[in-house]
Amino acid sequence: MIRHYLTAINAENIKEWKIEMSYLPDFIRSFIEPIVYVLPFVLYGIALVGGRNSPNLARLVGSGDIITYVVLGYIVMGFLNTACWGMGWSLRKEQWYGTIETIFAAPVPRWVYIAGMATHSTLHQGGMIGIQVIVIHLLFRIFFHTSGILPSLLLIGLMLIALYGMGMMVAALALIFKEGWIVSEILHSIISVVTPIAYPLSVLPVFLREIAKFMPTTYGVLGIRHFLMGERVFFTIPEAVFKLLLFGFVWVGFGITIFLLIDRKVRRDGTLGHY
Amino acid sequence: MVAIEVEGLRKTFKKGKVVAVDGVSLTIEKGELFGLLGPNGAGKTTLIKCLSTLLIPDGGRIRIFGHDVLKESLKVRRLIGLVTGGERTLYWKLSVFDNLRYFAALYGLYGRKARRRIEEMIEVMDLVEKRDERVERLSTGMRQKVALARALLHDPELLLLDEPTLGLDPQFSRVIRRFIKEELQKKLKKTILLTTHYMEEADELCDRIGFMSQGKIAACATPEELKEKIPHERLLEIKMAGLPDESLIRNIPGVEDVLMIVDNNRTVLRIQSPDPEGILATVLERLRKECRIIGFGLTTPTLEDVFIFLTGEELR
Ligand SMILES: Nc1ncnc2c1ncn2[C@@H]1O[C@H](COP(=O)(O)OP(=O)(O)O)[C@@H](O)[C@H]1O
Ligand SMILES: [Mg+2]
C-alpha cells in the first residue's frame with residue numbers, strides 16, 4: 001500500500017518534469033526568471049548604500065552584507081511561489097488538459113496527488129533556487145557560515161509544511177473559481193508584504209510587524225539569515241521550531257479540510273471536469 | 001454473480017433544475033456485455049460517472065461486485081477500467097509509453113512488473129510502432145486505443161466504456177468493436193458496460209441493452225426481445241430527396257409511428273403500420289407533392305425503430 005502510494009507520488013513528479021520539459025522555452029525561462037527577479041533588488045541596495053556593506057543594516061540586525069541578506073530572503077520566498085503557484089495550480093492544469101477525471105478515478109487517495117505535486121514543485125523550486133544562488137554568487141559572491149546550512153535546511157523543511165497546507169487550499173480553490181489566480185495573487189501579496197524579505201522586521205510598521213509574527217515565512221527568512229549570517233532575531237530557535245510546527249499543523253489541517261470539502265462539492269455539482 | 005447493482009439512482013445538476021438520471025435501477029451480471037443506448041443528453045455519461053465514483057448521486061445506491069461505491073470507493077476504483085470523455089483524457093505532451101507508465105503507477109503497478117504489463121498492453125492494442133510517439137501526434141483512433149490500453153493496465157474486472165467509438169472512422173470503429181467483443185468479453189471474460197448512441201453498435205455487440213431516454217431506462221432486454229416489442233414484423237421504408245412534413249404522414253389512418261432519418265438532402269422514412277401495403281398508395285401520394293421519391297420497400301424493424309416506438313424519441 002505504502003509502496004503503491006510512494007510510486008504514485010514519484011510518477012506524478014516525473015510526469016510533471018516531462019510535461020514541463022516539453023515546453024522547453026518556458027522550462028528554461030523558469031530557471032532564469034528568479035535571477036532576473038532578484039537582481040534589481042540587489043543593485044538597488046548597492047546603489048543606495050554605495051557598496052555592499054550597510055552600517056545601518058549592521059546596526060539593526062548585526063550584519064551589514066546587503067547582497068547576502070537580500071538573496072537569502074528571496075530564496076525562502078521562492079518556496080512561497082511553490083505553494084501559491086506551482087502546487088496550487090497543478091490540479092487546475094489537469095482540468096485544463098482534460099485528465100483530471102481520469103486520474104481521480106484511480107485507486108489512490110487524493111492526498112497522494114497533493115504529495116506528488118508538492119514533491120515536484122519543491123524539487124523544481126529547489127533547482128531554480130540553486131541556479132539563482134550560483135549565478136548571484138558568481139556575480140557578487142555570497143558570504144555565509146557553512147555551519148548554518150544544516151539548521152537552515154531543517155527550518156526551511158518545517159516552513160514548507162505550512163506552505164504545503166496553503167498550496168492544498170489554493171489547489172482546491174483553483175478547481176472551483178474560474179478566477180482562481182486571484183486567490184494565489186492575494187495570498188502571495190499579503191505574505192510577501194509582511195515577510196521581512198529584503199529588510200529587517202524592525203522597519204515594518206508596528207501592526208504589520210504583528211501580522212508578520214503569524215507568517216511561517218517570517219520564521220523561515222529570519223531563521224536562515226540567523227544561521228547563515230548571524231541576523232539578530234526576536235525569537236529563540238526552539239520558539240521558531242514550535243511556531244513553525246504549529247503553523248504547519250494548522251495550515252495542513254485547514255488545507256486538507258478545504259480540499260476534501262471542495263472535492264465533495266465538485267463531485268456533487270459535476271464541475272470537476274469543467275474549466 | 002452480480003457485477004453492477006444500481007437501485008433508484010438519481011442525479012441532478014444546477015440545484016435540481018437539470019435531472020440527468022431519474023430513478024434508474026439496473027442489474028448487470030458478471031461476464032455480461034451490457035449496452036446503454038440513448039440519444040445525446042439521455043444521462044448515459046452521468047450514470048457512468050456515478051458508477052466510477054466521479055459523481056456523488058443525489059439518491060439511490062450503487063454496488064460494484066458487492067462494494068458500495070461511496071463507502072468503499074478505493075476498492076471500487078481498483079475493480080473498474082474506465083474509458084470516458086473523448087481524447088483529451090491522456091497527456092498529449094507525453095509519449096504513449098510515458099502515459100501508460102504514469103497511470104500504471106496510479107494503479108499500483110511498479111518496477112519490472114509494470115514495465116512488462118505496459119509492453120504487453122502496447123502489443124495487444126497494436127501500438128508497438130507508436131510506443132514512443134507523443135499522444136498529440138496520434139490519430140483519434142490511435143488515442144482511443146491508448147485509452148483502452150490504459151484502462152486495461154490493472155486488469156480490472158469491470159470495464160466502463162463511454163461511447164467507445166465516438167468520432168472514429170468506420171474502420172477503426174470496427175477494430176475497437178471486435179476487440180471489445182472478442183478479446184475483452186469472450187477471451188478475458190470481463191464484465192462490460194458500454195454506452196452508445198449507435199444502434200448498430202448496441203445491436204452487434206451487446207448481450208442486453210438498456211434504452212435510456214431522459215434519465216430513465218425505458219426498456220431493458222436482449223436485442224431480439226426488444227425488436228419483438230414492435231407489434232409488426234414489417235415496416236414500410238421510403239427514401240426520398242428533400243425534407244417532407246412528418247405530420248403529413250402521421251395523420252394518415254393506419255400509421256402508428258414514423259421514424260425520420262435526415263442526412264443532407266436525403267430523407268428516409270420508416271413507417272410502422274399493421275397494414276403497410278394498404279397505406280403505401282396514400283403515403284406515396286402525399287410525399288410526391290413535396291419530395292422526389294427515390295425508393296420504397298418493406299423491411300424488418302431495427303433497434304432504432306423500437307427505440308422511437310418505446311420512447312417517442314429519436315436516437316440522433
Ligand atoms: N456537469 C453538468 N452540469 C450540468 N448539467 C449536466 C452536467 N453533466 C450533464 N449535464 C446534463 O445532464 C443531462 C445528461 O447528460 P449526459 O449524462 O452527458 O448524457 P449523455 O451522456 O447520454 O449524452 C444533459 O441534459 C446534460 O446537459
Ligand atoms: Mg455522453
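Residue numbers begin at 1 in each chain, while the letters A, B, ... track the order of the sequences.
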* Is chain B contacted by the side chain of A:Glu12, its backbone, both, or neither, given a heavy-atom distance below 4.5 Å? -> both
* Contact class of B:Phe13 relative to chain A, heavy atoms under 4.5 angstrom -> side chain
* Asked: Does any heavy atom of chain A fall under 4.5 Å from the side chain of B:Leu82, the backbone, both, or neither of them?
  -> side chain
* To do: Give, as side chain, backbone, both or neither, the part of B:Lys49 having an atom under 4.5 angstrom from any heavy atom of chain A.
  => side chain
* Structure fact -> Honestly, the part of A:Leu272 sitting under 4.5 Å from a heavy atom of chain B is side chain
* Asked: Do A:Trp111 and A:Tyr5 have ring centres separated by under 6.0 Å?
  -> yes
* Please report the shortest heavy-atom distance between B:Arg131 and B:Ile122, naming the atom on each side. => CG-CD1, 3.7 Å
* Asked: Of the listed residues (B:Ala105, B:Ala147, B:Gly111), which shares the most heavy-atom pairs with chain A below a 4.5 Å separation?
  -> B:Ala105
* Asked: Quick one: of A:Pro107, A:Ala11, A:Ala8, who has the most non-hydrogen atom pairs under 4.5 Å with chain B?
  -> A:Pro107
* **Spacing of B:Arg143 atom CZ and B:Phe172 atom CZ [to the nearest 0.5 Å]** => 11.0 Å
* Structure fact -> Under 4.5 Å to a heavy atom of chain B? For A:Ile103 that would be both
* Asked: Is there side-chain contact between B:Gln144 and B:Val83, with at least one heavy-atom pair below 4.5 Å?
  -> yes
* **Chi angles and distances behind the side chain to side chain contact (heavy atoms under 4.5 Å, CB included) call for A:Thr99, B:Arg88** => CA-CA 7 Å; A:Thr99 44; B:Arg88 284 268 161 200; over 6 Å; no
* Could you have a look at B:Leu90, B:Leu94, B:Leu109, B:Thr46 and say which one has the most heavy-atom pairs with chain A under 4.5 angstrom? => B:Leu94
* Structure fact -> Looking only at B:Asp58, B:Thr84, B:Asp98, the option with the highest number of non-hydrogen pairs under 4.5 Å against chain A is B:Asp98
* To do: Kindly check if the number of other-residue, nucleotide or ligand heavy atoms within 6.0 Å of NZ (A:Lys93) is above 12?
  => yes
* Is it possible for you to check whether A:Lys15 lies under 6.0 Å from the centre of the six-membered ring of B:Tyr102, through NZ or CZ, and within 45° of that ring's axis? => yes
* Part of B:Lys75 within contact of chain A (heavy atom distance under 4.5 Å) -> neither
* Asked: Hey, are the side chains of A:Val252 and A:Ile161 touching, using non-hydrogen atoms and a 4.5 Å cut-off?
  -> yes
